Peer 1: 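Dropping the structure in here first, questions after.
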Amino acid sequence: MILPNQPNFKSHFAELLHHAASKVASSDLTTRIELARTKQAKHGDYSCNLAMQLAKPLHKNPREIATLLIDALPPSPYLEKAEVAGAGFINLFLQISAKQQFPYYVLKHGSNFGHQNIGAGKKIQVEFVSANPTGPLHVGHGRGAAFGASLANILAAAGFTVTREYYVNDAGRQMDILALSTWLRYLQLNGFTIPFPKNAYQGEYVRDMAQLIEKAHGKRYVHQPDLLLQNLSSTPLEIEVDEEEQLNKWIVSAKKILGEDYAYIHNFALTEQLGDCRNDLMEFGVEFDTWLSEQSLFDNGMVAHAVELLEKKNYLYQQDGATWFRSTHFGDEKDRVVQRENGQFTYFASDIAYHLNKFERGFDQMIDVWGADHHGYVSRIKGAIQALALDPAKLEISLVQFAVLYREGKKAPMSTRSGEFVTLRDLRREVGKDAARFFYVMRKSDQHLDFDLDLAKSQSNDNPVYYIQYAYARVCSVMAQWDEDAAILHSTDTTMLTSPMELALLQKLIDFPDMVESAARESAPHLIAFYLRELASEFHSYYNATRFLVTEIPLRHARLALVASVQQVLRNGLALLDVSAPEKM
RNA sequence: GUGCCCGUAGCUCAAUCGGAUAGAGCACCAGCCUUCUAAGCUGGGGGUUACAGGUUCGAUCCCUGUCGGGCACGCCA
């Protein structure tokens with residue numbers, strides 16, 4: 001007899017079928033045992049299509065195979081019966097007593113209920129957000145943050161050892177533009193009339209930084225602004241010039257004039273923005289284990305080292321003065337530059353070094369969470385990994401689609417450079433952290449998200465966040481009125497839970513560990529969001545149809561055990577999404 | 001123009017890596033508060049899964065084409 005070592009009947013049944021299959025189909029069985037929850041009660045609780053899968057290799061009728069499999073099933077106290085149905089489905093019926101006893105498992109495991117061990121402690125790294133620290137996070141970053149954080153929680157619950165990482169793009173041109181922007185605002189603050197390029201950072205936060213520098217150091221960084229102006233005016237305004245090229249000249253000029261002080265401005269802006277970002281994320285419930293600096297990869301020679309490795313493996317060539325990586329060899333549409341004509345490494349080069357670094361740190365699996373606009377980047381980074389003789393299967397790249405805000409039925413405008421964007425902080429202030437976190441993961445990540453601000457704010461049953469939290473608060477209220485030690489519910493007799501609604505609710509609780517597993521395996525936090533909505537819905541129905549605090553004590557305790565289990569699962573599920581579970585509303 | 005993603009009820013979205021009669025919520029209609037929180041519940045109508053073929057026991061899912069939408073196509077990051 002085989003008994004489950006954890007309250008997971010689905011995997012238990014899968015195990016039974018596996019044993020049956022090894023008898024029926026002899027040795028070479030490669031078909032995976034897939035169990036599915038049924039949609040209709042007459043099909044039992046779980047169904048399996050194994051017989052249909054085996055029909056071809058065994059050259060037999062599926063229904064015939066199904067019968068053989070059922071006959072070969074080892075006995076189990078949890079299996080009421082198994083039936084052949086339809087084209088050859090095997091329908092499994094869970095013992096009613098197994099369902100009735102389930103609150104015992106839920107209450108016993110408490111906040112750990114639902115946790116799985118499919119990860120088996122394997123080290124997995126989730127890298128997400130990784131936004132340039134050149135300004136406040138906006139609502140686009142919010143989705144990546146919510147998705148990555150929830151996914152990391154789910155993976156941890158599924159038994160993985162998770163490292164949450166933020167890759168800091170502190171090297172490169174964007175940071176230089178920020179430093180320049182800050183200095184220009186600083187000079188303006190000190191009374192110099194200097195034009196501000198439109199492709200520099202326009203945001204108010206740049207002026208704030210300038211003010212902070214002014215407050216702390218006075219005119220310490222006012223260096224030869226006349227010289228800067230001279231350099232700038234060298235290009236006549238009438239002549240059409242490449243604005244980006246022009247901005248580069250400004251940066252070069254600023255570096256020359258500031259000398260060693262440039263590093264101060266640069267570092268100040270970086271520290272300030274990164275601190276703001278970290279703080280913002282923390283208030284959003286998102287925290288990281290490691291922040292890895294791109295600049296550090298240059299400083300410790302990792303970038304040069306990575307490029308050298310590619311060179312040794314003959315995947316590089318020179319053309320037009322630059323060094324190219326042969327990414328077309330790995331399915332990319334064109335080759336990519338790793339080192340520019342001017343000798344500087346590209347962002348791609350440091351990213352190769354970064355991924356090499358990830359592999360060297362010994363993660364069993366890695367997940368990169370990127371905005372969907374980076375999808376064209378996937379093949380080249382996978383190519384580089386292959387070129388370095390690393391296993392690309394260890395790296396999963398999750399592309400998260402954009403979120404579009406809707407206010408009063410209309411799109412809310414958002415663009416980064418113009419300064420007219422909605423920040424993540426603004427969004428949190430408007431709808432609250434809980435609603436923001438939930439709404440961001442309510443949809444499948446590869447699906448565009450329409451974020452309805454009015455709905456997120458509304459305190460109504462239309463709002464899924466409140467709907468779920470309200471279910472939790474209702475249980476809390478009942479428990480408070482009962483006002484006895486909940487510990488006695490852990491061992492109470494629950495066999496009088498027999499109504500269809502109670503059995504459905506019990507089955508819903510049984511499903512939770514499977515949901516955690518699916519969400520982890522498919523990198524799909526939205527499954528948890530949907531599950532919680534359904535669980536809350538079934539609870540509300542039960543609540544309206546049944547009185548819990550009945551005078552008959554055994555029945556009261558049985559129902560309270562069920563309700564307390566619902567409470568526990570709601571709390572555990574919300575915790576995976578970092579959404580709070582308020583006791584009163 | 002080329003590549004990737006997407007197209008499911010009036011709207012917003014699911015559908016457990018090909019499974020049984022494609023499901024929820026909103027909106028619409030009709031009901032439920034002397035009773036544990038009505039921020040709730042009950043019932044009802046809503047579909048040729050963009051379109052046309054193909055693959056097989058079986059297709060929203062896989063393949064081909066068409067139409068429509070998004071994104072990407074730098075020695076930017």
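No hydrogens, no waters, no symmetry mates; every other heavy atom, side chains included, goes into these values. Bear in mind that the values here come from a model prediction, so they are computed numbers and not experimental data. Letters A, B, ... are given to chains in the order of the sequence lines, protein chains preceding strands, and every chain is numbered from 1.
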Peer 1: Categorize A:Ser130 for me: base, sugar-phosphate, or nothing, with a 4.0 angstrom heavy-atom threshold over every strand shown.
Peer 2: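 It contacts nothing in the nucleic acid.
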Peer 1: With A:Arg533 as the cation and A:Tyr467 as the aromatic partner, state whether NZ or CZ is under 6.0 Å from the six-membered ring centre and within 45° of the axis.
Peer 2: yes
Peer 1: Less than 3.5 Å apart, any donor N or O on the side chain of A:Tyr166 or A:Glu127 sitting next to an acceptor on the other?
Peer 2: no
Peer 1: Taking pairing as Watson-Crick or G-U wobble with both contacts under 3.5 Å, can you name the mate of B:rC41, or confirm there isn't one?
Peer 2: B:rG31
Peer 1: Measure the distance from CG on A:Leu50 to P on B:rC57 and round it to the nearest whole Å.
Peer 2: 17 Å
Peer 1: Could you walk me through whether A:Phe548 and A:Tyr542 satisfy the ring-ring contact (aromatic ring centres under 6.0 Å, His included) test, starting with their C-alpha distance in whole Å, then the side-chain angles of each, then the deciding distance to 0.1 Å, before giving a yes or no?
Peer 2: CA-CA 10 Å; A:Phe548 309 145; A:Tyr542 183 48; 5.2 Å; yes
Peer 1: Please confirm whether the ring centroid of A:Phe147 lies under 6.0 Å from the ring centroid of A:Phe128.
Peer 2: no
Peer 1: Has A:Phe89 got its ring stacked on the base of B:rA20, with centres under 5.5 Å and planes less than 30° apart?
Peer 2: yes
Peer 1: Please tell me if A:Lys10 has a side-chain N or O lying less than 4.0 Å from either OP1 or OP2 of B:rU16.
Peer 2: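 Answer is no, no contact under 4.0 Å.
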Peer 1: Return no unless some side-chain N or O of A:Gln53 is found under 4.0 Å from OP1 or OP2 of B:rC57.
Peer 2: no
Peer 1: For A:Phe539 and A:Tyr543, take the angle between the two ring planes, folded into 0 to 90°, and tell me which bin it lands in: parallel under 30, tilted 30 to 60, perpendicular over 60.
Peer 2: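 The rings of A:Phe539 and A:Tyr543 sit tilted, inter-plane angle from 30° to 60°.
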Peer 1: Need one value for A:His526: base, sugar-phosphate or nothing, where a base atom within 4.0 Å counts as base even if backbone is also close, heavy atoms only.
Peer 2: sugar-phosphate
Peer 1: With a 4.0 Å cut-off on heavy atoms, is A:Asn91 in touch with a base, just the backbone sugar-phosphate, or nothing at all?
Peer 2: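 Base, at least one base atom sits under 4.0 Å.
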Peer 1: CG of A:Asp462 versus P of B:rC13: gap in Å, rounded?
Peer 2: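 Those two atoms, CG and P, are 16 Å apart.
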Peer 1: Would you kindly give the CG-to-P distance between A:Asn544 and B:rG31, to the nearest whole Å?
Peer 2: 19 Å
Peer 1: More 5' along RNA chain B: A:Leu449 or A:Tyr470, using each one's nearest nucleotide?
Peer 2: A:Leu449
Peer 1: Judged by modelled atom types alone, do A:Tyr317 and A:Asp335 share a side-chain donor-acceptor pair under 3.5 Å?
Peer 2: yes
Peer 1: Has the side chain of A:His540 got a donor or acceptor atom sitting under 3.5 Å from an opposite partner on the base of B:rC41?
Peer 2: no
Peer 1: Specify the residue among A:Ser47 and A:Arg443 whose closest nucleotide of RNA chain B lies further upstream toward the 5′ end.
Peer 2: A:Arg443
Peer 1: Between A:Gln447 and B:rA14, is there a contact of a side-chain N or O with OP1 or OP2 at under 4.0 Å?
Peer 2: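 So the side chain of A:Gln447 is within the cut-off, an N or O lying under 4.0 Å from OP1 or OP2 of B:rA14.
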Peer 1: Give none if B:rU21 has no partner; otherwise give the nucleotide forming a Watson-Crick or G-U wobble pair with it, both distances under 3.5 Å.
Peer 2: none
Peer 1: Compute the centroid of each ring, for A:Tyr531 and then for A:Phe512, and state whether the two points are separated by less than 6.0 Å.
Peer 2: yes
Peer 1: Could you tell me whether the phosphate oxygens of B:rA20, OP1 or OP2, come under 4.0 Å of any side-chain nitrogen or oxygen in A:Lys39?
Peer 2: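 So the side-chain polar atoms of A:Lys39 do come within 4.0 Å of the phosphate oxygens OP1 or OP2 of B:rA20, strictly under.
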Peer 1: So, A:His375 and B:rA72: ring centres less than 5.5 Å apart, planes less than 30° off, yes or no?
Peer 2: no
Peer 1: Please report, rounded to the nearest Å, how far the P atom of B:rG19 is from the CD1 atom of A:Ile90.
Peer 2: 16 Å
Peer 1: For A:Leu455, does its backbone N or O pair with a side-chain atom of A:Asn463 as donor and acceptor, under 3.5 Å?
Peer 2: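 Checking the backbone N and O of A:Leu455 against the side chain of A:Asn463, a donor-acceptor pair under 3.5 Å is found.
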Peer 1: Could you state the atom-to-atom distance from CG of A:Leu532 to C1' of B:rG25 in whole Å?
Peer 2: 15 Å
Peer 1: Do the two ring centres, one from A:His43 and one from A:Phe89, sit under 6.0 Å apart?
Peer 2: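 That pair fails the under 6.0 Å test.
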Peer 1: Calculate the interatomic distance between A:Leu455 atom CG and B:rC26 atom P; express it in whole Å.
Peer 2: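 For the pair A:Leu455 CG and B:rC26 P, the rounded distance is 10 Å.
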Peer 1: Identify all pairs in which a protein N or O lies below 3.5 Å from an N or O of nucleotides 73-77 of chain B, and state each distance.
Peer 2:
unit_1, atom_1, unit_2, atom_2, d
B:rC75, O3', A:Arg340, NE, 3.2
B:rC75, O2, A:Glu341, N, 2.9
B:rC75, N4, A:Asp320, O, 2.6
B:rC76, OP2, A:Arg340, NE, 2.8
B:rC76, OP2, A:Arg340, NH2, 3.4
B:rC76, O3', A:Arg340, NH2, 3.4
B:rA77, OP1, A:Arg340, NH2, 2.4
B:rA77, OP2, A:Arg340, NH2, 3.1
B:rA77, OP2, A:Tyr347, N, 3.2
B:rA77, O2', A:Asn132, OD1, 2.9
B:rA77, O2', A:Asn132, ND2, 2.9

Peer 1: Is there, by distance only and without an angle test, a donor paired with an acceptor across the side chain of A:His448 and the base of B:rG69 below 3.5 Å?
Peer 2: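 It does not, because no donor-acceptor pair links the side chain of A:His448 to the base of B:rG69 below 3.5 Å.
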Peer 1: Counting any heavy atom closer than 4.0 Å, what does A:Ser477 reach on the DNA or RNA strands: base, sugar-phosphate only, or nothing?
Peer 2: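 Base, at least one base atom sits under 4.0 Å.
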Peer 1: Look at the side-chain N and O atoms of A:Ser379 and state whether any lies under 4.0 Å from the OP1 or OP2 oxygen of B:rC4.
Peer 2: no
Peer 1: Round to a whole Å and report the spacing from OH of A:Tyr531 to C1' of B:rG23.
Peer 2: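 Taking atom C1' of B:rG23 as the reference, OH of A:Tyr531 is at 18 Å.
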Peer 1: When you measure from every atom of RNA chain B, which of residues 510-518 of chain A have a heavy atom less than 4.0 Å away?
Peer 2: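 None - not one residue of the stretch has a heavy atom sitting under 4.0 Å from the strand.
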Peer 1: Under a 3.5 Å cut-off for both distances, is B:rC71 Watson-Crick or wobble paired, and to whom?
Peer 2: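 With both distances under 3.5 Å, B:rC71 matches B:rG3.
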Peer 1: Quick check: are there more than 12 heavy atoms from other residues, nucleotides or ligands sitting under 6.0 Å from CD of A:Glu396?
Peer 2: yes
Peer 1: As a test of the definition: with a 90° window around 0 for syn, would you call B:rC28 syn or anti?
Peer 2: anti
Peer 1: Can you tell me if A:Arg474 touches the phosphate of B:rA38, counting only side-chain N or O atoms and a distance under 4.0 Å to OP1 or OP2?
Peer 2: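 A:Arg474 to B:rA38 OP1/OP2: side-chain N or O found under 4.0 Å.
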Peer 1: Measuring from the side chain of A:Phe530 (C-beta onward, heavy atoms only), which nucleotide among B:rC36, B:rU37, B:rA14 has the closest atom?
Peer 2: B:rA14
Peer 1: Calculate the interatomic distance between A:Asp452 atom CG and B:rA27 atom P; express it in whole Å.
Peer 2: 12 Å
Peer 1: The test is ring-ring contact (aromatic ring centres under 6.0 Å, His included); show your working for A:Tyr440 and A:Phe451 and say whether it passes.
Peer 2: CA-CA 8 Å; A:Tyr440 270 132; A:Phe451 195 121; 5.4 Å; yes
Peer 1: When you compare the side chains of A:Ser477 and A:Gln481, does any donor N or O come within less than 3.5 Å of an acceptor on the partner?
Peer 2: yes
